[in-house]
Protein chains: 2
Amino acid sequence: MRASDRAYALLRDEILEWQLAPGTILGEVEQSTRLGISRTPLREALARLTADGLVETQAGRGLVVADASIDSVAELFEVRLPLEQEAAALAARRRNPHVFEQLRREMADATTLLADPRRHAYYELVRRFDEAMDDAVQNTYLVTALRGLRTHLARIRRLAHDNPARLSAAASEHLLIIDAIIAGDESLARSATAVHLHQSLRNILDTAQAPSTDRTA
Amino acid sequence: MRASDRAYALLRDEILEWQLAPGTILGEVEQSTRLGISRTPLREALARLTADGLVETQAGRGLVVADASIDSVAELFEVRLPLEQEAAALAARRRNPHVFEQLRREMADATTLLADPRRHAYYELVRRFDEAMDDAVQNTYLVTALRGLRTHLARIRRLAHDNPARLSAAASEHLLIIDAIIAGDESLARSATAVHLHQSLRNILDTAQAPSTDRTA
DNA sequence: TATCGCCATACTGTATACACATCCCTGAGT
DNA sequence: ACTCAGGGATGTGTATACAGTATGGCGATA
């Protein structure tokens, strides 16, 4: 693997996991030294992160980790809703039923996966669901747009907390979306997606650490 | 201006204007020599173009200009419709009326602008309309997604042809969208956007050079 | 004659050196 | 004491050199 790829993946992870806080200055010399590579591949990594919107050029200070707060989650969902709805509708139209029937079986068993306190298997299942959607949609522009949103969502999600009850409910919502896709019911796919995103947003806002003002622990 | 910026802007223009055909191999040495810069800034430009989706890595051949054909325009509009609709609705909700009232006056005069056979002023007006929308929407994620789509649309548009009749009709459609935004009518903004995109797509498909099969001149 | 293997070449990926701009700190003058 | 100018240091942008890898051609052998 290329050094620039490793640098990109590492910095991306660190930003998404808030190990690099918003506003952190990303000096080329400092970061390349830290990662044990030269400035050339590091610059390439920073360029990609900038294109992703995870890094911004702040006048005078050079590149900094892009700002992010719970306030932007509403903005994010404003775009996510129409895109995920369209994706679900297109998936319902073009899906391979077998793929989603398999996912349906696994999602119906989600309770089992949620027994694990780390919930690794559950998140992996959701990831495979997203992947199956991307594949079924057969629209590279849509998938590209959704990927960008998911990146930012992953970062902001870290400010909120999942609990087993919410994840169990989310699994049920996913199940309905999958049913709609299998049935080829575009209208239901849109509605079920709207429901899921609504509940997801509510959970994030309800469990979020307070924005701007310090939380009173 | 940085050399990498110039290289990016130039290559981007050449790709959008089909001076660099899809599949063209972009060798680093060849291109950096042609543009009179070293490989370092050229690589940065190519990285940005890759992020834009205008350049792809083709296994074995390195970087090539991304494929594009009239076939992908349907895909493009599948994403464009929900995004532009949401943008129009948000703009109707958050707009500054004065900005759009000014645009309305100019758009109502579009016939005058269309007298110029190069239609420079007309395209400039449409560009300012898009800009006003982006500003009114107040959602960076949505604007980013739309910008990406517009880039690809600009490239594919070159395969079709505008005529004065179509542009005049398009101006009327824009006018209705602007009216809806000024009135704060989100529903009408969505519908008027759907109408405009439908007609726009139809025009592109009707006037497009034949896809895949050679046109019989 | 066809296929396999080897060698030369070309190109990408990385490191490093250099040029230029900018910002901050210090010192002197008002 | 405050301000402005100069200089040093730090950092980005670009060029170039070097290393490693992959590819294409050519030759030899079956």
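Just so you know, these numbers come straight off a predicted model, no measurement behind them. Here is how names work: the chains are called A, B, and so on, in the same order as the sequence lines, proteins then strands, and each is numbered from 1.
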Whole-Å distance between [N] [atom2] and [X] [atom1]?
{"X": "B/Leu35", "N": "D/dA15", "atom1": "CG", "atom2": "C1'", "answer": "15 Å"}
{"X": "A/Gln58", "N": "D/dG11", "atom1": "CD", "atom2": "C1'", "answer": "16 Å"}
{"X": "A/Ile37", "N": "C/dA15", "atom1": "CD1", "atom2": "P", "answer": "7 Å"}
{"X": "A/Asp5", "N": "C/dT14", "atom1": "CG", "atom2": "P", "answer": "8 Å"}
{"X": "A/Leu63", "N": "C/dT22", "atom1": "CG", "atom2": "P", "answer": "16 Å"}
{"X": "A/Tyr8", "N": "C/dT14", "atom1": "OH", "atom2": "C1'", "answer": "20 Å"}
{"X": "A/Met1", "N": "C/dT14", "atom1": "CE", "atom2": "P", "answer": "11 Å"}
{"X": "A/Arg61", "N": "D/dT12", "atom1": "CZ", "atom2": "C1'", "answer": "17 Å"}

Check your understanding: Contact class for B/Gly62 vs. all strands (heavy atom < 4.0 Å): base, sugar-phosphate, or nothing?
Key -> nothing
Check your understanding: Do B/Tyr8 and B/Asp52 have side-chain atoms, one donor and one acceptor, less than 3.5 Å apart?
Key -> yes
Check your understanding: Between the side chains of B/Thr140 and A/Glu75, does any donor sit under 3.5 Å from an acceptor?
Key -> yes
What N/O pairs connect the protein and nucleotides 16-20 of chain C at under 3.5 Å? Give each pair on its own line.
from   : atom 1 : to      : atom 2 : distance (Å)
C/dT16 : O4     : A/Thr40 : OG1    : 3.2

Write out a two-atom table: protein N or O, nucleotide N or O from nucleotides 20-25 of chain D, distance below 3.5 Å.
none

Review point. Do the numbers put A/Arg119 on top of the ring of A/Tyr123, so that NZ or CZ is under 6.0 Å from the six-membered ring centre and no more than 45° off the axis?
Key: no
Practice item. I would like to know whether A/Arg127 and A/Glu131 meet salt bridge (Lys or Arg N to Asp or Glu O under 4.0 Å); could you show each step before the answer? Key: CA-CA 6 Å; A/Arg127 197 194 58 72; A/Glu131 206 172 67; 3.0 Å; yes
Exercise for review: Between D/dT14, D/dG13, C/dT12, spot the one nearest the side chain of A/Glu28, thanks.
Suggested key: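 From the listed options, D/dG13 comes nearest.
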Practice item. Output the distance between atom CG (B/Leu11) and atom CG (B/Leu35), rounded to the nearest 0.5 Å. Key: 5.5 Å
Review point. How long is the gap from CD1 on A/Ile156 to CD1 on A/Ile204, to the nearest 0.5 Å?
Key: 8.0 Å
Check your understanding: Relative to the ring of A/His196, is the ring of A/His174 parallel (under 30°), tilted (30 to 60°) or perpendicular (over 60°)?
Key ->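 Plane angle between 30° and 60°, so tilted.
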Review point. Between A/Arg2 and C/dT12, does any side-chain N or O lie under 4.0 Å from OP1 or OP2?
Key: no
Exercise for review: Could you tell me whether the side chain of B/Arg6 reaches within less than 4.5 Å of the side chain of B/Pro41, counting heavy atoms only?
Suggested key: no
Review point. Considering residues at least two apart in sequence or located in another chain, which fulfil the salt bridge (charged side-chain N to carboxylate O under 4.0 Å, His left out) criterion with B/Arg147?
Key: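 If we apply the salt bridge (charged side-chain N to carboxylate O under 4.0 Å, His left out) test to B/Arg147, skipping adjacent residues, the hits are B/Asp134.
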